[in-house]
Chemist: 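One structure coming up, written as structure tokens, with questions to follow.
Just so you know, these numbers use all the heavy atoms, side chains as well, and skip hydrogens, waters and symmetry mates. What you see is a predicted model; the values in this text were computed from it and never measured. Atoms within each ligand, like the ligands themselves, are counted from 1 in listed order.
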Amino acid sequence: MIGINKPGMATAAGFGTYELFQLMRDGKPRTRADLAAITGLARSTVALRIDSLTELGLVTPVAYASSTGGRPSARIAFNPTARIVAAADFGATHATIAITDLAASTLAEIRTPLDIGTGPEEVLSCLCETITKLLEQIGRDAIDLVAVGIGLPGPVEHRTGRPSKPPLMRGWDGFDVPGRVQQAFPVPVLVDNDVNIMALGERSTAWPDTDHMIFVKVATGIGSGIISGGQLQRGADGTAGDIGHISVSRGAGIACSCGNMGCLEAVASGPAIAAALRASGEQIETISDLIAQAGEGNLSVIQAVRQAGRDIGEVLNACVSIVNP
Ligand SMILES: [Zn+2]
């Protein structure tokens with residue numbers, strides 16, 4: 001992505017420049033001798049790889065190692081501020097757009113209401129304008145941008161970055177999201193389902209040693225990200241983990257936005273709970289109303305939320321048998 005060898009191009013020793021960079025992303029300063037010891041590479045090979053990474057600005061010399069009597073050895077560490085990344089999380093009704101450094105520290109961020117149903121042209125134009133605004137805000141140039149990452153609230157064919165029959169996103173099916181963004185920013189644009197990205201983020205920040213997990217998001221839709229054997233499972237068309245459209249016993253006769261009947265999402269998502277409560281006379285318009293009234297102790301709201309939890313549990317019970325997280 002940043003001009004360094006990808007894993008498939010690693011050397012016979014298994015430690016190409018890419019692997020060395022991944023190793024150094026933990027931020028610990030190390031000497032060339034440390035790196036040779038960890039990787040099993042010859043010191044001359046380590047030096048060559050470090051030179052390439054230094055040229056790209058991705059690693060940089062830092063303070064000296066304590067001397068053991070001989071000449072002090074220069075230590076090298078990951079340089080997270082060298083380049084920047086733009087990240088966008090689109091929900092059904094809102095967006096969060098941010099610029100981060102290479103260690104994922106947020107440098108600037110905007111949260112804004114945005115209806116994903118207005119279609120890809122409008123939403124992605126807004127994204128590109130916002131990235132430009134944020135770059136100005138932090139005084140960085142678009143040339144420093146190394147990639148754009150986008151999470152969408154529906155299934156995405158990760159290989160092409162095209163949404164795959166997303167039920168909540170009218171007009172997005174098959175749209176070339178990377179192509180549109182690259183008109184403004186000619187860098188790699190990685191697109192995935194928002195829950196998959198959340199699962200990867202949750203694992204890398206909170207559960208780095210966990211190889212089997214299911215991450216569940218309940219909002220306007222319901223979805224999950226499945227990590228099995230240490231790998232995110234996307235499935236053939238990017239719809240693996242789309243648990244919102246598994247039918248549940250309480251859903252009989254209830255229509256879902258996907259066109260089927262009885263889906264989990266049709267009974268246990270935020271809007272579904274709110275609609276059922278409205279039908280029984282409660283004054284609830286939005287998910288925020290729902291959360292507020294549950295917090296205030298409104299009994300019928302609490303019961304409805306608990307029931308949604310049981311519905312989600314019914315589906316997760318099956319998921320646990322299949323995936324064994
Ligand atoms: Zn459905």
Chemist: Do the side chains of R234 and D192 get close enough for a salt bridge, i.e. N-O under 4.0 angstrom?
Modeler: yes
Chemist: How is the hydrophobic cluster of I287 composed, in terms of its other members, when Ile, Leu, Val, Met, Phe, Trp and Tyr link through side-chain heavy atoms under 4.5 Å apart, directly or indirectly?
Modeler: I291
Chemist: For residues 130-147, which residue pairs pass the side-chain hydrogen bond (donor to acceptor under 3.5 Å, both in side chains) check, not counting sequence neighbours?
Modeler: R140-D144
Chemist: Under a single-linkage rule joining Ile, Leu, Val, Met, Phe, Trp and Tyr whose side-chain heavy atoms are separated by less than 4.5 Å, which residues share a cluster with V216?
Modeler: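 Its cluster partners, ordered by chain and number, are I214, V218, I222, I226, I243, I246, V248, I254, L264, V267, I312, V315, L316, I322, V323.
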Chemist: What I'd like to find out is whether the side chain of L114 reaches to under 4.5 Å of the side chain of F90, using heavy atoms alone.
Modeler: yes
Chemist: With 2.8 Å as the threshold, which protein atoms of type N, O or S lie near the Zn ion (ligand 1)? Leave waters out.
Modeler: H245 ND1, C256 SG, C258 SG, C263 SG
Chemist: In terms of the angle between their ring planes, are F78 and F21 parallel, tilted or perpendicular, with boundaries placed at 30° and 60°?
Modeler: perpendicular
